[in-house]
Amino acid sequence: MGNHHLVFILCLILTCISFADVECVNEWIRNQIQPSTSNKQFPKNFSFGVATAAYQIEGAWNEDSKAPSIWDIYTHTHPERIADHSNGDNAAESYHRFEQDLVALKELKVNFYRFSISWCRVLPYADTSVKNQKAIDYYNMVIDKLLENHIEPMVTMFHYDTPEELSKFGGFTNDIVIKYFRSYADFLFETFGDRVKKWITFNEPFDYCVPGYGNANYPPMIHAPGVADYLCMDNTLRAHASAYRLYRAKYFHSQRGKVGITISSRFYYTPKANEPNDVVDRAIQYSLGWLAHPIFGKSGNYPYTVIEDITSNSMKEGLAWSRLRPLNLYWSKIIKGSGDFLGLNYYTSRYVQMSDPPAGATPSWEHDSRLKYSVDESWKRAKSDWLYCVPQGLEDILKWIRDNYDNVEVYITENGWSDEGELMDTGRIDYLKTHLRAVLNAINDGCNVTHYSHWSLIDNFEWNKGFTEKFGLYYLNMTSENKERVAKNSAHYYRSVIESREISSGDNYV
Ligand code: BGC
């Protein structure tokens, strides 16, 4: 780049800044980092990984002084709620078979492994009164072995498995959970933070709050829609931000890691091209935006529409306060900016329209959001009835994040496809290929995406669906004594992408 070029660039930036138009600078920078939409390779520093979660793979549910989580209690007392009446008592036995997981991780040649720590395994009373040394040894072993093999650990602190101990006094509806989580996070940073540099506080708050405390579809089976689920989201947000601030104040200086949160979101389209587009924005605010906006948006508060709707509905319902607890200045300051990256779980998309009259009970998230969803007949469906292959949605949500959250760094922490568990899993290869292409397109379009993590390393316990829907790149032989992990064709395909950093047709792997 010649000197005159530099002078021109400086002038341009100064002009933009002098007009106080930061967006203008961002726009310009975006245009510069998308030199060619035909860039076929992922950038050198882009990281590929796979993800799992403790309850879904570890087993050993009551070993070495582990205390139960709400999922242990729920699956034991309500086996009829799980499609095949199974539970995570043994699952993939990763607590005893991490070596086998490691073989798979090495075969895949992933750059990082996203796994979660079981809170009630390390802290059986949920507080720090008892620190379970055997559990600490286990996670130390996992982290050390990963690092020895040049695989970076990315740790989720909480993936649905609330300690039963906390449920005794309201779980995520009691704001004491903020203190509990903060001290759990403190313990994790102190114990593992010398080696773990990427932390995810919570996995998908919406997806455990609404089914757990709204419609009672998941444990702890509280049925209080529009109230308890909102409290859960709110306490999760505050707990996340408190842990983030703690890390910055106490650990960042010596550990230099990053802390973020993982939020799930679909992208939305209007069924007819001429329909107003603001419904798309509304749907995103009611999913991703609910927790992402307070952290990554400009206001340091919930999305404006969400605040407005819920406050006015609460008044109409005759309540003396809004069911959505307001964030005061004190909390706004703590929450705003409390993320070094945004973890995004993207699986699928939907068409969306306003629902008039509103669907769902009064009160409820369905009622407050006034949205109705549909799918396109041409979208291919996975084994899971909610999962349709819509790669364009991934590209579009990434662009939406770029434009609405100041191009914050995004880690795609989950993306995956379910089937019956077949080894010749062409459906998964197709899903993987098209979604990776969407990620690459987004990068070429200036989106700040730096990590992609496929769900999942191995077939595992799929919550209410038990073992009937398989998401693994590796087949798990559930009936054999050794519970072998067997590479599916998609594992070979993913490895070829990681090695070449290019998306091949996948024809060799079908
Ligand atoms: C969850 C995983 C789950 C996957 C597939 C994600 O929302 O984080 O635990 O297995 O979806 O349903």
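One-based numbering, in listed order, for ligands and for the atoms of each.
Checking Asp425 against Ser490 by side-chain atom types alone, a donor-acceptor pair falls below 3.5 Å. Counted by atom type alone, Asp234 and Tyr302 present one or more donor-acceptor pairs between their side chains at under 3.5 Å.
Of all atoms in ligand 1, listed by their number and element, those nearer than 4.0 Å to a heavy atom of Gln56 are 2 (C), 3 (C), 9 (O), 10 (O). Within ligand 1, the atoms closer than 4.0 Å to a non-hydrogen atom of His159 are 1 (C), 2 (C), 8 (O), 9 (O), numbered from 1 in the order shown.
At a heavy-atom cutoff of 4.0 Å, ligand 1 is contacted by the side chain of Asn203 but not by its backbone. Only side-chain heavy atoms of Trp386 come within less than 4.0 Å of ligand 1; its backbone N, CA, C and O stay farther off. The part of Glu462 lying near ligand 1 is the side chain, judged by heavy-atom distances below 4.0 Å.
The protein non-hydrogen atom at the shortest distance from atom 1 (C) of ligand 1 is Glu414 OE1, 3.3 Å. Tyr347 OH, 3.3 Å is the protein heavy atom nearest to atom 4 (C) of ligand 1.
Salt-bridge formation is not detected for the pair Lys66/Glu63: no Lys NZ or Arg NE/NH1/NH2 atom is positioned less than 4.0 Å from an Asp or Glu carboxylate oxygen.
Remark: Arg121 qualifies as a cation-pi partner of Tyr95 under the 6.0 Å distance and 45° angle criteria applied to the six-membered ring.
Partner of Lys470 under the side-chain contact (heavy atoms from CB on, under 4.5 Å) criterion, out of Glu420, Lys383, Lys488: Lys488 alone.
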**OP:** Apply the test side chain to side chain donor-acceptor pair (under 3.5 Å) to residues Tyr268 and Asp396: give CA-CA distance (whole Å), side-chain angles for both, the deciding distance (0.1 Å), then the verdict.
**Re:** CA-CA 9 Å; Tyr268 300 95; Asp396 289 336; over 6 Å; no
